[in-house]
Structures are given as structure tokens and as C-alpha cells.
A.B. asks: 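Before I ask anything, let me first share the structure, which is written out below as C-alpha cells.
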Amino acid sequence: MSVYRYPKVSSKEITPESVWQSRRDWMKTAGLTAATLGLTGLSTDLFAAAPKPLDKLSATPNTRFLVMETPTPEKDVVSYNNYYEFGLDKGDPVQHAHTLQTTPWKLTIEGEVAQPKTFDIEDLRKLAPLEERIYRMRCVEGWSMVIPWIGYSLSELLKQVQPTGNAKYVEFITALQPDNMPGVNSRVIQWPYNEGLRMDEAMHPLTLLTLGLYGKVLPNQNGAPVRAVVPWKYGFKSAKSIVKIRLVEKMPVSSWMKAAAGEYGFYANVNPDVSHPRWSQATERRIGEDGLFSKRRKTLMFNGYQTEVASLYQGMDLAKNY
Ligand SMILES: Nc1nc2c(c(=O)[nH]1)N[C@H]1C(S)=C(S)[C@@H](COP(=O)(O)O)O[C@H]1N2
Ligand SMILES: [Mo]
């Protein structure tokens, strides 16, 4: 799908050398070779091609996990993203994440397990039947989407390595490719981006090991080739482009906790009653519905997954354990 085109440059333009040079550098960064530029004299229609189409990934709808709301248009799901390794703006990942190297890819599971194992993506696609699940997603920044993901419960993968009795938490460690990730020069958070779940949260059937969306493999900007999706928590818990899963005894400290412990806690359960220190979490804006008159929606406790997950937090003070 064409979500983005390189800007057209007219060959008739008379351009000062410095501007020409920086545009040339920029186009090189955008993946265009000097040879092509030189030979064609910038007949830029050649470069206006859409990115390589994504491979299809078939999956069986899981009717137990289908949110009865209109899915967010695919073009919005793949072009309005948070993936700080590729920049801070929502439009940065779709523009820059084409440089992410996704082949070969290894996902290693280690730590408090009887059988540490490494999987490649083909292994992961075959490990359990692929399901399509339509999940409600809520970013801590106040926007939301409804996304048809493809994957299976993370528990299917964790079972393979036989967690020991000491495994109390799961830590996700994501890819760090400094040469391919323009965002990691900025020290907004510590890289590699890491996240964590309590073991019972990780084993909950809703927690999805995710390999695709909208009938295709994951686009780079959405966390190719494999990510987590934890729909009752704020989006930052759903780590993208995972390379390692570590089972550990102590609560992992996430990149976001290190950056701002008072704003981003370990639990990060969606909760309209607990404000972020700088803004309310009571309502949200559904991406794809914006317009002058579109109303904000009320945010639901546990993002609408209360029936499924509330028991995990029985007796906990959710204002303290934010
Ligand atoms: N590695 C990594 N994973 C990440 C992020 C990130 O910056 N880096 N951003 C998180 C945040 S804040 C959100 S809201 C979701 C966004 O996922 P999406 O772009 O597929 O909607 O990814 C999460 N996972
Ligand atoms: Mo987010």
C-alpha cells in the first residue's frame, strides 16, 4: 500500500549547489543511489514507487477477542505511530523505518527457564495457529485505535521454554540498530527500548505475540517482525521489534520508568480515574475519526477489558501502582 511518496523534484529547477548537495544527501538517505540520480537526471517518477508490498499472512478470526467497533483505517494504523528509534513525530516511523533490518531475525528466550531457546520468524509463524484479533489500543498520550492484529497468545511461546518457579516477571528487549535508527542518537530514553510484565500478565490469553496486522506481516513502523500487544495497558507496554525475552525474578525497570518514574509506571493499566501528572486520562481521541465535530470518547477501565483482567489486580491500589 502506498502510504507515502518521496517528494518530486523538478529537473528544470535551478538549484544552488549547497541546496542541491543536501537534497542529494537526503535522497541517498532515503534509499536512492547516486548512480540512479545521475543517470536519470532526476526523472523522479522512477522514485515515486510505493514501498515494497508486505507479504500476506493468513489467520483465523478469534471470535473471543473481537472488539465490536469499527477498525481504524489501515492507512492510519501504518502512518500514525510511536517508534522513537525512528523519530519523535507520529509521521517519522513510516518515513524512516524502512532502514530497519528484519532479516535474519532471532528472538531468544532465556533467564529463569529450563530450556532457553532461540527462534527465527519462520519458527514463530509455525509455533501456534495464527489468529486475527481485533483489539482496542490506547496510547498514554490520549489517542486510541482499533486494530486487527495477527498472532497468538504469548503464553504459547513461554510454555516452550518451561519457566522455572523463580520466573516472576518477563522482560522484553527490543532491537538496537544504531546505523539504521536515526532516533537513537537522541537520549530521550535509554536504548534498547525495554518493557516488562508480571508473569501472570504475560501468561494472560489476551497478551498477544504479534506477527501481523490487517492480513499482512507487520510493517516496520508497527514493530516488525515481532512485537508484543497488551491491550488493557497503555501502548508503551507493547514493545516493538523484540529480540530477547528474559524471564526474571525481579521487576524489570523499563526505559520509560528510567526516563520518568513519576509519569510512567510499571503497571500502566489504562485507567480513566488515574491522571497522568500532566493531563487527564478520562477521555481519548479515536484516530481516523478526527474532524471538527468528532467528540472525544470516554476512556474505559482497563481499556474495556475489565471482565478479563480485573482479577489480576485484586487488592492492589491502582493509584499507587500506576
Ligand atoms: N521499540 C519500541 N516499541 C514501542 C515504542 C517505541 O518507541 N519503541 N512506542 C510504544 C508506544 S508509546 C505506542 S503507543 C505503541 C504504538 O504502536 P503502533 O505504532 O503500532 O500503534 O508502540 C509502543 N512500542
Ligand atoms: Mo504510546
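Both ligands and their constituent atoms are indexed starting at 1 by order of listing. For reference, positions follow the sequence shown, starting with 1.
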A.B. asks: State whether the side chain of Asn194 and the backbone N or O of Val253 hold a donor-acceptor pair below 3.5 Å, judged by distance alone.
C.D. replies: yes
A.B. asks: For the pair Lys237 (side chain) and Gly196 (backbone), establish whether a donor and an acceptor sit closer than 3.5 Å, ignoring hydrogens and angles.
C.D. replies: yes
A.B. asks: Within the distance-only criterion (no hydrogens, no angle test), does the side chain of Trp149 pair as donor or acceptor with the backbone N or O of Glu131 below 3.5 angstrom?
C.D. replies: no
A.B. asks: Starting from the N and O atoms of ligand 1, find every protein N or O within less than 3.5 Å and list the pair with its distance.
C.D. replies:
{"from": "ligand 1", "atom 1": "1 (N)", "to": "Glu85", "atom 2": "OE2", "distance (Å)": "3.0"}
{"from": "ligand 1", "atom 1": "3 (N)", "to": "Lys240", "atom 2": "N", "distance (Å)": "3.1"}
{"from": "ligand 1", "atom 1": "7 (O)", "to": "Tyr84", "atom 2": "N", "distance (Å)": "2.8"}
{"from": "ligand 1", "atom 1": "8 (N)", "to": "Glu85", "atom 2": "OE1", "distance (Å)": "2.8"}
{"from": "ligand 1", "atom 1": "8 (N)", "to": "Glu85", "atom 2": "OE2", "distance (Å)": "3.4"}
{"from": "ligand 1", "atom 1": "9 (N)", "to": "Asn82", "atom 2": "O", "distance (Å)": "3.3"}
{"from": "ligand 1", "atom 1": "17 (O)", "to": "Arg227", "atom 2": "NH2", "distance (Å)": "3.3"}
{"from": "ligand 1", "atom 1": "17 (O)", "to": "Lys240", "atom 2": "NZ", "distance (Å)": "3.4"}
{"from": "ligand 1", "atom 1": "19 (O)", "to": "Asn81", "atom 2": "ND2", "distance (Å)": "2.9"}
{"from": "ligand 1", "atom 1": "19 (O)", "to": "Lys240", "atom 2": "NZ", "distance (Å)": "2.7"}
{"from": "ligand 1", "atom 1": "20 (O)", "to": "Asn222", "atom 2": "ND2", "distance (Å)": "2.9"}
{"from": "ligand 1", "atom 1": "20 (O)", "to": "Arg227", "atom 2": "NH1", "distance (Å)": "2.6"}
{"from": "ligand 1", "atom 1": "24 (N)", "to": "Ser238", "atom 2": "O", "distance (Å)": "2.9"}

A.B. asks: Ignoring hydrogens and geometry beyond distance, is a side-chain donor-acceptor pair present between Asn269 and Trp232 at under 3.5 Å?
C.D. replies: yes
A.B. asks: Filter on salt bridge (charged side-chain N to carboxylate O under 4.0 Å, His left out), then keep only pairs touching residues 306-322, sequence neighbours left out; what's left?
C.D. replies: Asp317-Lys320
A.B. asks: Would you call the rings of Tyr83 and Phe86 parallel, tilted or perpendicular, taking 30° and 60° as the class edges?
C.D. replies: perpendicular
